Colleague: 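Right, I'll just put the structure down here and ask away after.
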There are 2 protein chains.
Amino acid sequence: MNIRDLEYLVAVSETLHFGQAARRCFVSQPTLSGQIHKLEQELGATLFERTNRSVHVTPIGQKIIGHARQILEQAEVIRSLGNTQNDPLAGPLRIGAIHTLSPYLVPLFMLELQHQHPELSLELTEATTDQLIIKLREHQLDGALLATPPPGEDLDEIRLFKEPFWLAHPRDHHYYNKDEVSLSDLKDEKVLLLSQEHCLSEQIINACKIDSRDVSNPIPRLNASSLETLVQLVGMGLGVTLVPALSVHGGRLATDRVILREVRIPDAFREVRLVYRTTFPREAALKVFSDIICGVLPNTVT
Amino acid sequence: MNIRDLEYLVAVSETLHFGQAARRCFVSQPTLSGQIHKLEQELGATLFERTNRSVHVTPIGQKIIGHARQILEQAEVIRSLGNTQNDPLAGPLRIGAIHTLSPYLVPLFMLELQHQHPELSLELTEATTDQLIIKLREHQLDGALLATPPPGEDLDEIRLFKEPFWLAHPRDHHYYNKDEVSLSDLKDEKVLLLSQEHCLSEQIINACKIDSRDVSNPIPRLNASSLETLVQLVGMGLGVTLVPALSVHGGRLATDRVILREVRIPDAFREVRLVYRTTFPREAALKVFSDIICGVLPNTVT
DNA sequence: TTTTGGTAATAGATAATACCGATCAAAGTA
DNA sequence: TACTTTGATCGGTATTATCTATTACCAAAA
């Protein structure tokens, strides 16, 4: 049994004429006759009672044709699912982002995305890099906005932008009078960090060339889980820190007691990427998504 | 798209393993891989996200698999319709019978048929020969119990039995004292007949060698539409008539005023047949039906 | 680091079959 | 009688589903 054969079957049942049915199905009449005959033999039932001049549907043929119609309908649904919903933008795209990025980046592109591609809906998740990687590999996410390269061959990336780290120091700090702050200026400072699971911590450690075993400059590992908290601690004079440029851009970190400023430290940036499974089939959706993001970025990042 | 391919699709979706799915479908793994790949290309959508180690169903794949399942269900229904209901006895058999036969023959076989083949249900129709032939050719009937041969190549017959004509004469008729009544005895009698559309009339005319244009023996054409009425007329002394043996057997024609008896007239019988379209596919049902009839006949017919 | 086991994908050959054009046989029509 | 229309049949061709053998790849074990 074959879907094509069932089309022949229904065509004959509607035309009651093998030749017309054949034309409708774009095959020759012998082909259609043969396939109907084959189908009848396979089913072990006569579907049409036919003479040289007339074709009649048998009762059992009538029943079978009913089910055949349902099959053809379902097949048509499948084809349309393939062809129309084939639009890779359609359907929700499940995106994750790390904590130090999500609150500042998402508001930037959401409106624009909705405006330019209303058919592409996002399901957003916020988690740490490790958690996002796991969800990616478990197919719970389609893409993840990370600041670290993909950790395996099974994952690929689209590089989005470089995000410099800005310096946050108390207003009453002696930096306030300096035009520029350089790497060497940081050596004697306490640099406050987020807890270890945030990738930002290690990146700042690297940027500042801090040796975490250096006893002369113990790093206070605070359990601050958000940049907001961290900056509040800076305002209280517990130390200084580096924050990603986008978090400054939003204005949500600003307080009277903290200065947020650029620094001239080489490699003091992180690179934000969209990471996804190499096997993920809707690359076009990822492309659109990343293009939107790159289009709405402020000058502070590149 | 192909029903077989959809089976592959569902098998993979359930096992999430191409090799296992292939074994379940009794094909090799490359075959299954190839067909899935072909299906994906045809639909223009990725149904499975797969690496060398894992297989995942995509969201659109999930949708399509749902419809594929429905198709497989329907296909299974069609196969079972073909194979189980393939039993040619199943399903109603639409049978017609002429007026002079139906009331007397049907009661004879109905119980036996229901007993021996409860799965074979009858839809009975009573009409004249011409009407039954039309219904046969219009596929409104599957078979007709007639007393005349099939009138065309498109119809065939199963001969069932020969039914002699019995004589019906008034009790006070001079035949009453004769041991036997022969053809010559009928010459001077008024032979009552049913109306013309009943084939019985012409058969009796032929049997009695009556010349319908013979003025010395005018045939009273009564509009009697039933044998009962006809016999009542005989009882009233209007003439004699011949009736089929089965109608006597039932006892429903018996009245005090009429004698029903065998006659020794050559060819005074009719042959009852089951007539059907040569193209009718359920010959087995017709065979069973006619065998039942032949098995329940009384001795008066052969 | 190499080996082993298991996965899906690929290549090449073969068998099954869907298809077509030409033709036939039967039946109705001019 | 000749012509048309019908579904069925036949022989050859092109497609394709299938197989075996193999490859490429990855992960876990040695």
Side-chain angles (χ1 to χ4, degrees), chain A residues 1-9 11-42 46-58 61 134 137-139 150-156 277-281, chain B residues 1-9 11-42 46-58 61 137 139 150-156 277-281:
Chain A
M1 186 165 24
N2 206 318
I3 293 180
R4 174 78 54 94
D5 296 341
L6 298 181
E7 283 173 11
Y8 298 162
L9 179 64
V12 172
S13 81
E14 287 177 357
T15 59
L16 294 180
H17 188 294
F18 277 63
Q20 287 177 31
R23 275 191 292 280
R24 182 202 284 194
C25 295
F26 304 106
V27 293
S28 67
Q29 171 265 317
T31 295
L32 187 136
S33 284
Q35 292 304 97
I36 293 285
H37 185 71
K38 182 180 68 73
L39 184 61
E40 286 181 325
Q41 284 212 323
E42 179 184 344
T46 304
L47 305 175
F48 298 107
E49 230 188 289
R50 43 202 187 271
T51 67
N52 283 340
R53 310 298 297 175
S54 70
V55 176
H56 279 263
V57 183
T58 62
I134 291 174
R137 288 185 163 142
E138 286 178 346
H139 291 243
E153 287 296 312
D154 57 333
L155 299 179
D156 206 346
R277 292 184 301 279
T278 54
T279 54
F280 183 64
Chain B
M1 185 165 26
N2 206 317
I3 292 179
R4 173 80 52 95
D5 296 340
L6 298 180
E7 283 174 9
Y8 298 162
L9 178 65
V12 172
S13 81
E14 287 176 358
T15 60
L16 294 179
H17 189 295
F18 277 64
Q20 288 177 30
R23 275 191 292 282
R24 181 202 283 196
C25 294
F26 305 106
V27 294
S28 68
Q29 170 264 317
T31 295
L32 187 136
S33 285
Q35 292 303 98
I36 293 285
H37 184 71
K38 182 180 67 74
L39 183 62
E40 286 181 326
Q41 283 213 324
E42 179 184 344
T46 305
L47 305 175
F48 299 107
E49 224 186 294
R50 44 201 186 272
T51 68
N52 284 340
R53 311 295 299 171
S54 68
V55 176
H56 280 263
V57 183
T58 64
R137 287 184 163 143
H139 291 242
E153 285 297 311
D154 57 333
L155 300 178
D156 207 346
R277 291 184 303 278
T278 52
T279 54
F280 183 64

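Side chains are part of it too, since the values below use all heavy atoms of this structure and drop only hydrogens, waters and symmetry mates. Everything numeric here is computed off the predicted structure, so don't read it as measured data. In the text below, chain A, chain B and the rest are named by the order of the sequence lines, each starting its count at 1.
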Colleague: Could you check B:L32 against A:D154 and say which one's nearest nucleotide on DNA chain D is further toward the 5' end?
Modeller: B:L32
Colleague: May I ask you to evaluate whether A:T31 reaches the phosphate of C:dA18, defined as a side-chain N or O under 4.0 Å from OP1 or OP2?
Modeller: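 No, outside the criterion.
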Colleague: Within the pair B:Q29 and C:dA8, is there a side-chain N or O less than 4.0 Å away from OP1 or OP2?
Modeller: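 No.
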Colleague: To the nearest angstrom, how far is B:R23 atom CZ from C:dT7 atom P?
Modeller: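 Distance check: B:R23 CZ to C:dT7 P gives 8 Å.
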Colleague: With sugar-phosphate meaning primed atoms plus P, OP1 and OP2, does B:G34 contact a base, only sugar-phosphate, or nothing at under 4.0 Å between heavy atoms?
Modeller: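 The residue B:G34 makes no contact with any strand.
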Colleague: Look only at the side chain of A:Q29 and the backbone of A:A22, and say whether a donor-acceptor pair between them is shorter than 3.5 Å.
Modeller: no
Colleague: Could you tell me how far apart A:R137 (CZ) and D:dA27 (C1') are, to the nearest whole angstrom?
Modeller: 13 Å
Colleague: Can you tell me how far P of C:dA9 sits from NE2 of B:H37, to the nearest Å?
Modeller: 9 Å
Colleague: Expressed in angstrom and rounded to an integer, what is the separation of B:D5 atom CG from D:dT16 atom C1'?
Modeller: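 About 11 Å, once rounded to whole Å.
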Colleague: Return each pair, listed once, that meets salt bridge (Lys or Arg N to Asp or Glu O under 4.0 Å) where at least one residue sits in residues 28-40 of chain B; pairs must be two or more places apart or across chains.
Modeller: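 Matches after skipping sequence neighbours: B:D5-B:K38, B:E40-B:R50.
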Colleague: Run the numbers on B:Y8 and B:L39 for side chain to side chain contact (heavy atoms under 4.5 Å, CB included), then give the verdict.
Modeller: CA-CA 10 Å; B:Y8 298 162; B:L39 183 62; over 6 Å; no
Colleague: So which atom in A:P281 and which in B:T58 form the shortest heavy-atom distance, rounded to 0.1 Å?
Modeller: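 Shortest heavy-atom separation between A:P281 and B:T58 comes out as CG-CG2, 4.2 Å.
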Colleague: Can you find a side chain N or O atom of A:H17 that sits less than 4.0 Å from OP1 or OP2 on D:dG7?
Modeller: yes
Colleague: Under 4.0 Å between a side-chain N/O of B:S28 and OP1 or OP2 of D:dC19, yes or no?
Modeller: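 Indeed, a polar side-chain atom of B:S28 lies that close.
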Colleague: How close or far is atom C1' of D:dT16 from atom CE of B:M1, stated in whole angstroms?
Modeller: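 My rounded result for the distance is 17 Å.
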Colleague: Scan A:S54 against the nucleic acid and name what it touches under 4.0 Å (heavy atoms): base, sugar-phosphate only, or nothing.
Modeller: nothing
Colleague: B:L155 CG to C:dA27 P: how many Å, rounded?
Modeller: 12 Å
Colleague: Evaluate the criterion side chain to side chain contact (heavy atoms under 4.5 Å, CB included) for residue pair A:L155 and A:R137; output intermediate values, then yes/no.
Modeller: CA-CA 8 Å; A:L155 299 179; A:R137 288 185 163 142; 4.2 Å; yes
Colleague: Return no unless some side-chain N or O of A:S33 is found under 4.0 Å from OP1 or OP2 of D:dA8.
Modeller: yes
Colleague: Between B:P30 and B:K38, which residue's closest nucleotide on DNA chain D lies nearer the 5′ terminus?
Modeller: B:K38
Colleague: Grab the CZ-C1' distance between B:F18 and C:dT10 for me, whole Å please.
Modeller: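 Distance, rounded to whole Å: 14 Å.
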Colleague: Provide, to the nearest angstrom, the distance between the OH atom belonging to B:Y8 and the P atom belonging to D:dT18.
Modeller: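 Atom-to-atom, B:Y8 to D:dT18, this comes out as 3 Å.
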